[in-house]
*Asks:* 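Here it is, the structure in full.
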Amino acid sequence: MPTVDWVLPLFAAVPLFMAAFAVILPWKPVRDAIALIIPILGIIAGGWLFYYTATFGTIAHNVGLYVGGVAIPFVADTFSAIMIVTTMIVAATANWFAVVSGETVSRYYASLTLILITGVNGALLTGDLFNFFVFIEVMLLPSYGLIAMSGTWSRLAGGRTFVLVNLAASTLLLVGVGFVYGVTGSVNIAALQGAAAGHGPATVAMGLVVIAIAAKAGVFPLHTWLPRTYPGTSGAVMGLFSGLHTKVAVYMLFRIYVNIFDLDERWNWLIITIMIISMLIGGFAGLGEHTIRRVLAYQMINGMPFILVMLAFTSDDPQRALAAGLLYTLHHMITVGALILNSGAIEETYATGTLSKLSGVARRDPLVAAVFAAGAFSIVGFPPFSGMWGKILIVFEIARTGDWVAWLVITVIVAASIGALLSMLRVWRLVFWGKPMKKYPENLRVPLSLLAPSALLMVCSLAMFIFAGPLIDAVLVSTAGLLDVGSYAEAVLGDNPVGVPDMTNLQGGR
């Protein structure tokens with residue numbers, strides 16, 4: 001069968017080319033169409049890539065056809081493919097919301113989102129730590145513009161924090177990558193297989209990389225920037241960021257821990273400690289916020305430890321443990337995106353998202369209330385939405401170990417879920433219940449065009465619940481691809497790699 005690895009660079013090249021094309025077009029409808037078509041094509045291409053890699057295994061393309069170990073590699077397996085599909089679903093619905101809310105009136109909005117998609121696809125497909133840093137920067141540069149595009153003082157202040165934090169994290173990431181190269185002689189992920197599994201200098205260098213990525217993921221104690229910056233953007237931009245920025249970081253943390261740390265169990269205690277604290281903060285901190293989207297920002301933080309804690313429970317059955325984390329990742333992207341776009345629709349209609357300034361929305365807009373309630377049910381873990389299966393699988397896989405640590409983590413998961421429930425109930429009580437709002441005309445309603453993107457995402461969440469069997473099979477296939485580090489290395493490095501270090505000669509070995 002002829003090789004198809006040459007298509008991998010197109011995942012980054014096509015949206016980048018279309019971004020350049022869109023910015024010179026004077027016709028808004030054409031720019032809007034491009035902003036929607038490209039992520040939709042990404043969904044289709046990602047689905048094909050998942051099928052191909054599930055059937056034929058990991059594929060890789062070395063740019064310029066240079067020898068493995070020297071070339072810039074693009075690599076795809078089932079794990080990266082399923083992440084591409086889900087990120088593009090969120091990107092398409094967020095851009096749809098931007099179009100109907102009028103945010104794409106700016107000539108540069110479509111181009112900036114397409115550059116962001118370029119960085120996302122590149123980060124999910126790169127097989128090189130330095131180029132991961134490059135694609136992260138490709139993601140960040142348009143993000144700065146998207147945050148500040150409205151020109152309001154609050155958004156500019158949030159943008160300043162976003163820029164400073166991400167510049168600091170990117171600097172640390174670059175320093176870490178430099179140290180990795182200095183210690184091992186390579187930044188190729190396939191060549192670094194097992195490099196940080198007990199090798200002191202390599203472990204320290206990779207630790208800097210992990211800290212930088214954790215900061216971008218919003219993991220405790222590097223989380224406070226996220227609820228201060230994301231809610232200051234528009235609903236469309238926050239929805240876009242929620243499914244792309246933090247989840248690319250989650251993807252790479254999974255990849256690094258499997259490929260480079262070799263699932264080193266000595267870090268389990270640190271992972272569990274950090275994730276327990278992060279769960280409690282994310283679950284309960286939203287109770288002190290005063291806008292809908294600031295409450296939802298803490299639900300973004302709350303989701304990260306549910307996902308990443310599974311890295312500490314891979315000793316018994318790593319495929320199922322990582323699959324539980326991946327399933328929750330997919331659910332979280334869809335559900336939080338729906339809630340953010342739903343709150344954006346409320347803000348666009350009533351010109352505020354402040355809890356104290358809204359009430360009685362359920363009587364005025366029952367469909368909006370229904371979509372929000374569905375998203376709240378899903379984020380807490382109630383049926384019939386995707387959050388239930390995500391949390392059940394996480395609890396089952398943690399309980400598999402049967403020790404006191406597992407029961408401690410499960411207890412914290414329940415407590416954090418109760419915190420999330422209380423946060424959602426508080427929003428419901430203040431915004432959707434209560435007296436009818438007198439300051440707005442009786443006929444003022446959230447337009448169906450603004451509600452449709454969030455409703456579509458909640459339909460996806462419902463479908464993930466109903467078709468849980470095929471979905472769980474897909475995430476199991478995805479984590480099997482992630483764990484098949486031998487095929488990953490073979491696809492990237494080939495038979496005659498150049499410049500691949502001998503990890504057995506690293507100082508500070510076991």
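Because only heavy atoms are used, hydrogens play no part in the values below, and waters and symmetry mates are left out as well, while side chains stay in.
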*Asks:* If you compare all heavy atoms of F385 against all heavy atoms of A374, which two are closest, and at what distance to 0.1 Å?
*Replies:* CZ-CB, 3.4 Å
*Asks:* Grab the two heavy atoms, one from L192 and one from S186, that are nearest each other, plus how far apart they are.
*Replies:* CD2-O, 3.6 Å
*Asks:* Has the side chain of S343 got a donor or acceptor atom that lies under 3.5 Å from a matching backbone atom of I340?
*Replies:*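 Yes, S343 side chain to I340 backbone: donor-acceptor pair under 3.5 Å.
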*Asks:* Which atom pair, heavy atoms only, marks the closest approach of N342 to S454?
*Replies:* N-CB, 3.6 Å
*Asks:* Look up atom OG in S461 and atom NE2 in H332, then write down how far apart they are to the nearest 0.5 Å.
*Replies:*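 Result: 11.5 Å between the selected atoms.
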*Asks:* Would you say that T161 contacts V165 through its side chain, given a criterion of any heavy-atom pair below 4.5 Å between the two side chains?
*Replies:* yes
*Asks:* How about OH on Y181, more than 12 heavy atoms from neighbouring residues, nucleotides or ligands closer than 6.0 Å, or not?
*Replies:* no
*Asks:* What's the spacing between F220 CZ and I277 CD1 if we round to 0.5 Å?
*Replies:*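 These two atoms lie 4.5 Å from each other.
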*Asks:* Assess the residue pair M275 and L311 against the criterion (side-chain contact (heavy atoms from CB on, under 4.5 Å)); give the C-alpha distance rounded to whole Å, side-chain angles, the decisive distance to 0.1 Å, and a yes or no.
*Replies:* CA-CA 10 Å; M275 297 310 154; L311 296 175; over 6 Å; no
*Asks:* Classify the angle between the aromatic ring planes of Y144 and F162 as parallel (below 30°), tilted (30 to 60°) or perpendicular (above 60°).
*Replies:*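 Y144 and F162: perpendicular rings.
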*Asks:* Taking the side chain as every heavy atom from C-beta outward, state whether H245 and S143 have any atom pair closer than 4.5 Å.
*Replies:*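 Yes, their side chains come closer than 4.5 Å.
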*Asks:* Are any non-hydrogen side-chain atoms of V209 and L173 less than 4.5 angstrom apart?
*Replies:* yes
*Asks:* For the OG atom of S478 and the CG atom of L327, what is their distance to the nearest 0.5 Å?
*Replies:*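 So the gap between those two atoms works out to 10.5 Å.
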*Asks:* Exactly one of N121, T126, V248 should register a side-chain contact (heavy atoms from CB on, under 4.5 Å) with F135. Which one does?
*Replies:* T126
*Asks:* Using modelled atom types only, decide if a donor and an acceptor are shared between the side chain of T58 and the backbone of A491 within a distance under 3.5 Å.
*Replies:*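 No: the side chain of T58 does not pair with the backbone of A491.
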*Asks:* Do you know which two heavy atoms are closest between V85 and G46, and how far apart they sit?
*Replies:* CG2-C, 3.3 Å
*Asks:* Would a line drawn from the ring center of Y251 to the ring center of F79 be shorter than 6.0 Å?
*Replies:*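 Yes - the distance between ring centres of Y251 and F79 falls below the 6.0 Å cut-off.
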*Asks:* Should N166 and M139 count as side-chain neighbours, where that means a heavy-atom distance under 4.5 Å?
*Replies:* no
*Asks:* Determine whether T233 and R293 make a side-chain contact, defined as any pair of heavy atoms from C-beta on separated by less than 4.5 Å.
*Replies:* yes
*Asks:* How far apart are the C-alpha atoms of W267 and Y257, what are their side-chain angles, what is the distance that settles it, and do they pass the side-chain contact (heavy atoms from CB on, under 4.5 Å) test?
*Replies:* CA-CA 10 Å; W267 298 104; Y257 200 68; 3.9 Å; yes
*Asks:* Which residue in the set F382, F396, F465 passes ring-ring contact (aromatic ring centres under 6.0 Å, His included) when paired with W389?
*Replies:*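 For W389, the ring-ring contact (aromatic ring centres under 6.0 Å, His included) test succeeds with only one of F382, F396, F465, which is F465.
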*Asks:* Is there a side-chain contact (heavy atoms from CB on, under 4.5 Å) between M310 and T329? Walk through the geometry before answering.
*Replies:* CA-CA 11 Å; M310 299 313 299; T329 302; over 6 Å; no
*Asks:* Enter the distance from I213:CD1 to I136:CD1 here, rounded to the nearest 0.5 Å.
*Replies:* 7.5 Å
*Asks:* Quick one: does any side-chain atom of H331 pair with a main-chain N or O of G387 as donor and acceptor, under 3.5 Å?
*Replies:*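 Between the backbone of G387 and the side chain of H331 there is a qualifying donor-acceptor contact (under 3.5 Å).
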*Asks:* Check for a donor-acceptor pair, side chain of K247 on one end and backbone N or O of L330 on the other, with a separation under 3.5 Å.
*Replies:*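 Side chain of K247 to backbone of L330: no pair is present.
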*Asks:* In a check of side-chain contact (heavy atoms from CB on, under 4.5 Å) between L125 and each of L49, V120, D77, which one passes?
*Replies:*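 Looking at L49, V120, D77, the match for L125 under the side-chain contact (heavy atoms from CB on, under 4.5 Å) is L49.
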*Asks:* Quick check for you: to the nearest 0.5 Å, what is the distance between N131 atom CG and I189 atom CD1?
*Replies:* 9.5 Å
*Asks:* Among I117, L116, T118, L16, find the residue that satisfies the side-chain contact (heavy atoms from CB on, under 4.5 Å) test when tested with V138.
*Replies:* T118
*Asks:* Before giving the answer on side-chain contact (heavy atoms from CB on, under 4.5 Å), spell out for V4 and F56 the whole-Å C-alpha distance, their side-chain angles and the decisive distance to 0.1 Å.
*Replies:* CA-CA 11 Å; V4 297; F56 300 103; over 6 Å; no
*Asks:* Any chance you could measure S386, atom OG, to M458, atom CE, to the nearest 0.5 Å?
*Replies:*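 S386 OG to M458 CE: 6.5 Å, rounded to 0.5 Å.
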*Asks:* Quick one: closest heavy-atom pair of A415 and L280, and the distance?
*Replies:*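 Shortest heavy-atom separation between A415 and L280 comes out as CB-CD2, 4.3 Å.
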*Asks:* Around atom CG of L41, are there more than 12 heavy atoms from other residues, nucleotides or ligands closer than 6.0 Å?
*Replies:*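 Yes - once you tally the heavy atoms of other residues, nucleotides and ligands closer than 6.0 Å, there are more than 12.
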*Asks:* Heavy atoms only: give me the nearest L339-A376 pair and the separation to one decimal.
*Replies:* CD2-N, 3.9 Å
*Asks:* Got L326 and I82 here, is their nearest side-chain heavy-atom distance under 4.5 Å?
*Replies:*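 They are in contact (side-chain heavy atoms under 4.5 Å apart), so the answer is yes.
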*Asks:* Against L341, only a single residue in V336, V371, L457 fulfils side-chain contact (heavy atoms from CB on, under 4.5 Å); can you say which?
*Replies:* L457
*Asks:* Are any non-hydrogen side-chain atoms of L393 and R320 less than 4.5 angstrom apart?
*Replies:* no
*Asks:* Atom CH2 of residue position W48 - does it have more than 12 heavy atoms of other residues, nucleotides or ligands inside 6.0 Å?
*Replies:*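 More than 12 within 6.0 Å, yes.
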*Asks:* Answer yes or no: is there a side-chain heavy-atom contact under 4.5 Å between L172 and I211?
*Replies:* yes
*Asks:* Donor-acceptor pair, T479 side chain versus Q319 backbone, under 3.5 Å?
*Replies:*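 Looks like yes, one N/O pair under 3.5 Å.
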